[in-house]
Amino acid sequence: MFGLEALELARIQFAFTITFHIIFPAITIGLASYLAVLEGLWLKTGEEVYRDLYHFWLKIFAVNFGMGVVSGIVMAYQFGTNWSAYSEFAGSVTGPLLTYEVLTAFFLEAGFLGVMLFGWNRVGPLLHFFSTVMVALGTLISTFWILASNSWMHTPQGHEIIDGIVVPVDWLAVIFNPSFPYRLSHMAVAAFLATAFFVGASAAWHLLRGNDNPAIRKMLSMAMWMALLVAPVQAMIGDLHGLNTLEHQPAKIAAMEGHWDNSGGGPTPLLLFGWPDMEAEKTHFKVEIPYLGSLILKHSLSEPIPALKDFPPEDRPNSTVVFWTFRIMVALGLLMIFTGIWSLLLRRGARLYSTRPFLRLVLCMGPAGLIAILAGWYTTEIGRQPWVIYGLMRTEDAVSSHGAGQLGLTLAMFVIVYFAVFGIGMLYILRLVNKGPVISEGREKGAGGPGEARTPMRPLSAADEGIGEGQSDQLGERN
């Protein structure tokens, strides 16, 4: 297919499916914790605005959670279909870790999700709040196990290789491998930030259209507090993660920096822009800042960082790709910090909800967190190449013995089905966002909808209109 080999097609297929999948768990992680905070604030303060926001975002959480589960099943099957050699070699490690995720996180989420979605007036307020907290905790536990498995592939520890098979000998070392704390915290915080900017963009959209009410204002305010406080923390975690990567995967750092040669000696500059050329072994059109690369990564003004030419050509990641994915992630992170600072300045003048240039920026930043997550994952996974398990197993040795035609056909089918199914799902989420939260003063008692006694929560009942024009009656009553 298009002159690509089976290995390349298998990698593209996995990258495509994980690109779709990771969007939904990231928002699920953030929204679950956001819902727990909203319900906790409502119980503590009694302010109806928190209850209104809880009902509104619960609908979006339900749709997003369902799409995340469906897209995640495909990911698990691909280990056996496209990467059977990897599963045979390392299944004794990754298999139990994924099983622990199901036994702890998924069972916890499934056990309390029904109460969370349908139990608002069917159980006591404390039990309902407990259910929301348990679902939020389940999403974080799921993140724990998934990141433990992925981190082990980057910094494998606690195992022996017996008869060509990985055998775990120390599960604590396997789980808490050297890169795990940094990857876990970086991903969890990234999910919170992505959700914060999604929530903030939703509020900005309504404010720009003149839909100004206490719930909309509270959405924007909470999102911008998260951006202000957490975006700088994410930058510090990213710096620590970079230092850890330099220690354990120096070739990845060299590729991210587009740094080829240390023969001239002296400190390494920081390349702001450029075009790394893998064949010519140089970076064209460089715009650099002297000393800054060594200062950031070595905390030194004289010590150079590793260069790509220090590694054999067959062991070098694709610098052309990771150089730019890394810079996209960092640039978006800096924009998040800037947005948070601007929001603080506007608060001082009571102009947070009326400054249209700021609201337009927040609206444009809506997908920024998700784009940054994708860019970070591309940097991490492409930067690990040519290894599927760093230093133990090459990617070319992990792929199943399928032909390029088979993989090309299934890839084409994935593209068609994913864009159809998940495209409609994401469109529907945007319709829910466009409707906005319903404030308590405008709700008739017992009218149904999320958390009301007469009608269970159904996300479809919240849309102004159906997926097609004129279908709102079939989709359910409006709140």
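Numbering starts at 1 and runs along the sequence shown.
- In Glu279, the CD atom is not crowded: 12 or fewer heavy atoms of neighbouring residues, nucleotides or ligands sit closer than 6.0 Å.
- Checked by atom type, the side-chain pair Thr139/Thr28 shows no donor-acceptor distance below 3.5 Å.
- Evaluation of the side-chain hydrogen bond (donor to acceptor under 3.5 Å, both in side chains) rule for Trp205 yields Asn434 as partners, not counting sequence neighbours.
- Of the possible polar contacts, none joining the Ser33 side chain to the Ala136 backbone as a donor-acceptor pair under 3.5 Å is found.
- The 12-atom threshold is not exceeded at NZ of Lys282, counting heavy atoms of other residues, nucleotides or ligands nearer than 6.0 Å.
- Proximity of the aromatic rings of Phe198 and Trp57 is defined here by a centroid distance below 6.0 angstrom, and this criterion is met.
- The two residues Pro168 and Ser92 come nearest to each other via the heavy atoms CD-OG, 3.6 Å.
- The side-chain heavy atoms of Val166 and Phe89, taken from C-beta on, include a pair separated by under 4.5 Å.
- When atom types are taken as modelled, the side chain of Ser319 and the backbone of Ala255 share a donor-acceptor pair closer than 3.5 angstrom.
- When atom types are taken as modelled, the side chain of Arg327 and the backbone of Val322 share no donor-acceptor pair closer than 3.5 angstrom.
- Annotation: side-chain hydrogen bond (donor to acceptor under 3.5 Å, both in side chains) contacts involving residues 95-115, sequence neighbours excluded, comprise Glu101-Ser142, Thr104-Trp145.
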For a side chain to side chain contact (heavy atoms under 4.5 Å, CB included) check, start with the C-alpha distance between Thr379 and Val321, then their side-chain angles and the critical distance, and finish with the verdict. CA-CA 8 Å; Thr379 302; Val321 176; over 6 Å; no

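- The side-chain heavy atoms of Leu243 and His299, taken from C-beta on, include a pair separated by under 4.5 Å.
- Residues satisfying the side-chain hydrogen bond (donor to acceptor under 3.5 Å, both in side chains) test with Thr283, not counting sequence neighbours, are Trp260.
- Residue pairs meeting the side-chain hydrogen bond (donor to acceptor under 3.5 Å, both in side chains) criterion with at least one member in residues 170-182, sequence neighbours excluded, are Thr155-Asn177, Thr155-Ser179, Asn177-Ser179, Ser179-Arg183.
- Considering OG of Ser202 and CD1 of Ile429, their distance stands at 10.5 Å, rounded to 0.5 Å.
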Go through it in stages, so that I can follow the logic: the residues are His21 and Val74, the test is side chain to side chain contact (heavy atoms under 4.5 Å, CB included), and I'd like the CA-CA distance, side-chain angles, deciding distance and then a yes or no. CA-CA 9 Å; His21 172 65; Val74 176; over 6 Å; no

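- Of the candidates Lys309, Arg394, Arg384, Asp315 forms a salt bridge (charged side-chain N to carboxylate O under 4.0 Å, His left out) with just one, namely Arg394.
- Although no hydrogens or angles enter the test, the distance criterion places no donor-acceptor pair under 3.5 Å between the side chain of Lys59 and the main chain of Leu432.
- The side-chain heavy atoms of Gln78 and Phe414, taken from C-beta on, include a pair separated by under 4.5 Å.
- Atom CZ of residue Arg431 and atom CE of residue Met426 lie 14.5 Å apart, to the nearest 0.5 angstrom.
- Of the possible donor and acceptor atoms, none in the side chain of Thr143 sits under 3.5 Å from a partner among the backbone N and O of Ala188.
- Judged by distance alone, with hydrogens and angles left aside, the side-chain atoms of Glu8 form a donor-acceptor pair with the main-chain N or O of Glu5 at under 3.5 Å.
- Using a 4.5 Å cut-off on side-chain heavy atoms (C-beta onward), Thr320 and Met278 make contact.
- Under a 3.5 Å cut-off, the side chain of Ser400 and the backbone N or O of His402 do not form any donor-acceptor pair.
- Screening residues 411-426 for side-chain hydrogen bond (donor to acceptor under 3.5 Å, both in side chains), with sequence neighbours left out, gives no hits.
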Using the rule given for side chain to side chain contact (heavy atoms under 4.5 Å, CB included), can you reason through Ser71 versus Thr17, listing the C-alpha separation, both sets of side-chain angles and the distance that settles it, and then say yes or no? CA-CA 7 Å; Ser71 60; Thr17 52; over 6 Å; no

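- Salt-bridge check for Arg316 with Glu281: passed, with a basic side-chain N closer than 4.0 Å to an acidic carboxylate O.
- Within a 6.0 Å radius of CZ in Phe311, other residues, nucleotides and ligands contribute more than 12 heavy atoms.
- Annotation for Ala36 and Val133: closest pair CB-CG2, 4.3 Å, computed over non-hydrogen atoms.
- Residues Pro317 and Leu308 come closest through the heavy atom pair CD-CD2, 4.4 Å.
- Ala85 and Asp397 make their closest contact through CB-O, 3.2 Å (heavy atoms, listed as atom of the first residue, atom of the second, distance).
- Taking the six-membered ring wherever Trp is involved, the centroid distance between the rings of Phe24 and Phe65 does not fall below 6.0 Å.
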Distance-only criterion, 3.5 Å: show the donor-acceptor pairs between side-chain atoms of residues 385-392 and protein atoms not counting sequence neighbours.
{"residue": "Gln385", "atom": "OE1", "partner": "Thr395", "partner atom": "OG1", "Å": "2.6"}
{"residue": "Gln385", "atom": "NE2", "partner": "Glu381", "partner atom": "O", "Å": "3.4"}

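- From Leu335, atom CG reaches atom CG of Leu361 across 7.0 Å, with rounding to the nearest 0.5 Å.
- Few gaps surround CZ on Phe16; more than 12 heavy atoms of other groups in view lie less than 6.0 Å from it.
- No donor-acceptor contact under 3.5 angstrom links the side chains of Glu257 and Thr268, judged on distance only.
- No side-chain donor from either of Tyr291 and Ser302 sits under 3.5 Å from a side-chain acceptor of the other.
- The two residues Phe323 and Phe273 make their nearest non-hydrogen contact at CZ-C, 3.9 Å.
- You'll find the ring centres of Trp342 and Phe358 inside the 6.0 Å limit.
- Atoms CG and NE2, from Asn150 and His154 in turn, are 4.0 Å apart once rounded to the nearest 0.5 Å.
- Residues Met187 and Ile373 form a side-chain contact, since some pair of their non-hydrogen atoms from C-beta on lies under 4.5 Å apart.
- When ring centroids are compared, Tyr54 and Phe61 stay outside the 6.0 Å threshold.
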Hey, mind stepping through Val399 and Asn82 against side chain to side chain contact (heavy atoms under 4.5 Å, CB included) and telling me if it holds? CA-CA 6 Å; Val399 70; Asn82 293 355; 5.5 Å; no

Applying ring pair (Phe, Tyr, Trp, His ring centres under 6.0 Å) to Phe20 and Phe419, what does each step give before you reach the verdict? CA-CA 9 Å; Phe20 267 86; Phe419 274 106; 5.3 Å; yes

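- Side-chain contact between Val233 and Met236 is present, with at least one heavy-atom pair separated by less than 4.5 Å.
- Taking 4.5 Å as the limit, every side-chain heavy atom of Leu270 sits out of range of all side-chain heavy atoms of Glu288.
- When all heavy atoms of Thr325 and Ala375 are compared, the pair lying nearest together is O-CB, 3.4 Å.
- Judged purely by atom type and a 3.5 angstrom limit, His241 has no side-chain atom pairing as donor or acceptor with the backbone of Pro181.
- Judged by distance alone, with hydrogens and angles left aside, the side-chain atoms of Trp152 form a donor-acceptor pair with the main-chain N or O of Gln157 at under 3.5 Å.
- In this structure, Ser131 contributes its side chain and Met116 its backbone to no donor-acceptor pair below 3.5 Å.
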What verdict does the ring pair (Phe, Tyr, Trp, His ring centres under 6.0 Å) test give for Phe144 and Phe180, after you've listed the backbone C-alpha separation in whole Å, the side-chain angles of each residue and the deciding distance to 0.1 Å? CA-CA 9 Å; Phe144 177 94; Phe180 170 69; 5.0 Å; yes

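- Put simply, the side chain of Leu193 reaches to within 4.5 Å of the side chain of Met336, judged on heavy atoms.
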